[in-house]
Amino acid sequence: MIDLKYLQNNFEEASTKLQKKGVETATLQNLQQLFTTLKDCNATLEASKAEQNSMSKLFGQYMKEGKDISELKTKVNANKEAMIPLQDQARKAEEALYAVALAMPNFPDETVPDGMDEEDNVELRKVLEPKSFTFTPKEHWELSEINGWIDFERGVKLAKSRFSVLKGEASRLERALINFFLDSNRAKGFEEYSVPFLNNATMLQGTGQLPKFEDDLFKIADEDLYLIPTAEVPLTNLYYDEILTEKELPLLMTGYTPCFRKEAGSAGRDTRGIIRQHQFNKVEMVAIAHPDKSAEVFEMMVNNASDILTALGLPHRVVELCGGDLGFSAATTIDLEVWLPGQNQYREISSISNTRDFQARRAKIRFKEGKKNKFVHTLNGSSLAVGRTIVAIMENYQNEDGSIDIPEVLKKYM
RNA sequence: CGGGAGAUGUCAGAGUGGUCGAAUGUGCCGGUCUUGAAAACCGGUGAGGGUCAUACCUCCGGGGGUUCGAAUCCCCCUCUCCCGGCCA
């Protein structure tokens with residue numbers, strides 16, 4: 001959630017920032033108005049409560065002294081009566097405010113490039129040259145057919161479209177990648193976690209998926225539980241409503257989980273292959289950092305993911321997202337896009353974001369600085385998406401006959 | 001899923017209608033003492049809102065109710081522990 005006090009006091013600046021994310025000034029004005037209304041409502045209500053409390057305290061005194069209570073009682077009852085509409089107003093004002101505030105995206109950092117969509121993202125650098133093939137490289141689903149790696153039909157039979165089954169070598173490759181990723185993250189100081197794949201609504205709200213993106217999530221019937229869309233949700237919320245000490249920071253966490261997404265808005269995109277599935281595996285990094293140190297941690301996370309791709313010998317590029325392409329919770333995001341020779345283009349394989357204090361406010365994650373409690377910064381990033389790495393290995397390590405080599409670093413894992 | 005017990009500050013644990021945001025211990029922070037540390041002693045120490053700062057408001061698992069007044073009484077829910085069932 002954005003800082004409403006900041007919005008109140010720096011409206012112009014806040015408005016300019018959120019325009020990058022396509023938020024209308026009118027929407028912000030509405031939010032600011034709701035905040036003011038709530039404060040006003042609370043002020044009147046609290047004054048009335050104070051009155052009520054002080055009168056109630058007199059009762060004990062009066063009774064001890066044997067005084068007549070009936071007059072006081074009449075007064076107190078009248079005040080109580082008068083408080084009901086105030087309470088109602090305050091409650092409504094609060095509901096109205098939160099409905100809007102929770103749907104408001106994070107402020108982008110000042111350094112985020114302007115732009116509407118992914119066309120306007122900025123390439124920062126390329127790592128490794130794509131190798132040239134002496135034949136026309138195939139796409140991963142063609143290679144899958146030759147090697148019998150992915151069973152699309154039976155995945156659909158078991159669940160529905162956009163589910164698939166990995167078989168034999170592919171399944172082993174997946175397992176090897178997960179281990180390789182976790183080991184690499186651990187070597188950089190990330191502590192490994194194994195977490196629930198179902199989280200409750202409060203946690204999903206903490207990281208920003210709810211209430212706005214409910215349609216993208218799989219929900220368990222009759223339970224307050226959702227299949228997680230990313231390990232960012234459980235890992236970040238491990239510290240939901242906690243106050244950390246300064247010396248605990250930064251907390252670096254990693255974990256492997258399957259991820260479940262309805263992909264509600266992506267009908268017709270990447271329907272072939274396993275680029276976009278309802279269920280996919282991912283190894284995630286999450287950091288909880290001191291506000292002064294989050295930029296540094298962010299850099300480290302980007303480099304870590306990039307280094308893993310490099311170790312796998314996968315050419316990729318580092319791309320900074322423009323304001324319009326930035327996710328709801330992110331203040332800044334860097335994508336890693338891996339080269340797919342079969343598709344002849346770079347495709348996203350990792351996305352690393354600093355949410356600043358946006359999630360921390362929602363999830364109430366604070367740390368003690370002296371006597372004061374302050375919000376931490378939370379960061380998250382893939383290192384890496386497993387399914388897409390398999391695609392990348394298939395396409396980059398293919399031979400003319402359709403066979404696929406295994407990257408050197410993975411051999412000890414298979 | 002059935003039976004029983006419980007949920008209070010970092011933790012342990014008192015508190016069963018008013019002056020309780022909450023005893024005491026513990027932990028943590030600061031100080032005295034010490035070459036240093038331990039021990040001992042002294043002081044400080046929950047969260048959120050509000051305010052320039054005070055006042056003031058809210059919070060004793062969550063929600064509702066009774067009452068002038070609820071941590072304390074009543075109802076519902078959730079969770080934890082013990083016993084039984086089922087089970088990797």
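Throughout, protein chains are lettered first and strands after them, A, B, ... in sequence-line order, and every chain is numbered starting at 1.
The environment of NZ in A:Lys167 is sparse: at most 12 heavy-atom neighbours from other residues, nucleotides or ligands sit within 6.0 Å.
Taking atom C1' in both B:C87 and B:C73, the straight-line distance is 41 Å, to the nearest Å. For the P atom pair drawn from B:G27 and B:C81, the interatomic distance equals 27 Å after rounding to whole Å. Between B:G30 and B:U24, the two C1' atoms lie 22 Å apart (nearest whole Å). Of the C1' atoms belonging to B:G9 and B:G4, the separation is 29 Å, rounded to the nearest Å. A gap of 15 Å separates the P atoms of B:A23 and B:A71, to the nearest Å. Atom name C1', nucleotides B:C75 and B:G25: the rounded distance is 36 Å, in whole Å. Taking atom P on both B:U80 and B:A12, the two are 16 Å apart, rounded to the nearest angstrom. With both ends at atom C1', the span from B:G62 to B:G6 equals 16 Å, rounded to whole Å.
Ranking B:C57, B:A47, B:G69 by closeness to the A:Lys80 side chain, first place goes to B:G69. Proximity note for A:Ser56 (side chain, C-beta onward) versus B:G50, B:G18, B:G48: the nearest is B:G18. Checking B:U51, B:U58, B:G69 against the side-chain heavy atoms of A:Lys39 singles out B:U51 as nearest. Comparing atom distances between the A:Glu46 side chain and each of B:G69, B:C57, B:G50 picks out B:C57 as nearest. In this structure, of B:C57, B:G50, B:A47, it is B:C57 that holds the atom nearest to the side chain of A:Ala50.
Judged by distance alone, the side chains of A:Asp335 and A:Ser351 do bring a donor and an acceptor atom under 3.5 Å apart. A donor-acceptor pair shorter than 3.5 Å can be found between the side chains of A:Ser164 and A:Gln277.
Rounded to whole Å, the distance from NZ on A:Lys49 to P on B:G49 is 16 Å. Counting to the nearest Å, the C1' atom of B:G49 and the CG atom of A:Asp3 are 14 Å from each other. Rounded to an integer number of Å, the gap from A:Gln87 CD to B:C57 C1' is 12 Å. Residue A:Ile84 contributes atom CD1, which lies 10 Å from atom P of B:G65 at whole-angstrom precision. In this structure, the CG atom of A:Asp241 is 16 Å from the C1' atom of B:C79, given to the nearest Å. Regarding A:Asn200, its CG atom lies at a distance of 10 Å from the P atom of B:C79, rounded to whole Å. As rounded to whole Å, 13 Å separates atom C1' of B:G50 from atom CG of A:Leu45. A:Asn79 has its CG atom 13 Å from the P atom of B:C57, to the nearest Å.
Nucleotide B:A7 has B:U78 as its partner under the Watson-Crick or G-U criteria, with both atom distances under 3.5 Å. The base-pairing partner of B:G69, taking Watson-Crick or G-U wobble contacts with both distances under 3.5 Å, does not exist among the strands shown. In a base pair of the Watson-Crick type (N1 to N3 plus N6-O4 or O6-N4) or a G-U wobble (N1-O2 and O6-N3), with each distance short of 3.5 Å, B:U45 is matched with B:G27. Nucleotide B:A37 forms no Watson-Crick or G-U wobble pair with any nucleotide shown, as no partner meets the under 3.5 Å limit on both distances.
Contact between the side-chain N/O atoms of A:Lys57 and the OP1/OP2 oxygens of B:U19 is not found at any separation under 4.0 Å. For B:A47, the OP1/OP2 oxygens have a side-chain nitrogen or oxygen of A:Lys368 closer than 4.0 Å. Residue A:Asn373 has a polar side-chain atom (N or O) positioned under 4.0 Å from OP1 or OP2 of B:G48.
A donor-acceptor pair is defined here as one N or O able to donate and one able to accept, closer than 3.5 Å; such a pair exists between the side chain of A:Asn77 and the backbone of A:Lys73. Side chain of A:Arg362 to backbone of A:Leu102: a donor-acceptor contact under 3.5 angstrom is found. Side-chain atoms of A:Asn396 come within 3.5 Å of backbone atoms of A:Trp339 as a donor-acceptor pair (strictly under, hydrogens ignored). Panel note: side chain A:Thr355, backbone A:Ala330; no donor-acceptor pair is recorded below 3.5 Å.
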Every protein N/O lying under 3.5 Å from an N/O of nucleotides 27-29 of chain B:
none

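Between A:Phe218 and A:Phe260, the angle of the ring planes goes over 60°, which puts this pair in the perpendicular group of the 30/60° scheme. Between A:Phe163 and A:His278, the ring planes lie tilted relative to each other; the angle falls in the 30° to 60° range.
Mapping A:Glu51 and A:Met55 onto RNA chain B via the closest heavy atom, the residue that lands nearer the 5' end is A:Glu51.
Using a 4.0 Å heavy-atom criterion, one finds that A:Asn53 contacts the sugar-phosphate atoms exclusively. At a threshold of 4.0 angstrom between heavy atoms, the contacts of A:Ile243 are confined to the sugar-phosphate backbone, with no base atom among them.
Partner A:Arg261 forms a side-chain contact (heavy atoms from CB on, under 4.5 Å) with one of A:Ile228, A:Asp216, A:Leu217, A:Thr230 and no other, that one being A:Thr230.
In terms of polar N and O atoms assigned as donor or acceptor, the side chain of A:Gln52 never comes within less than 3.5 Å of the base of B:G69 in a complementary pairing.
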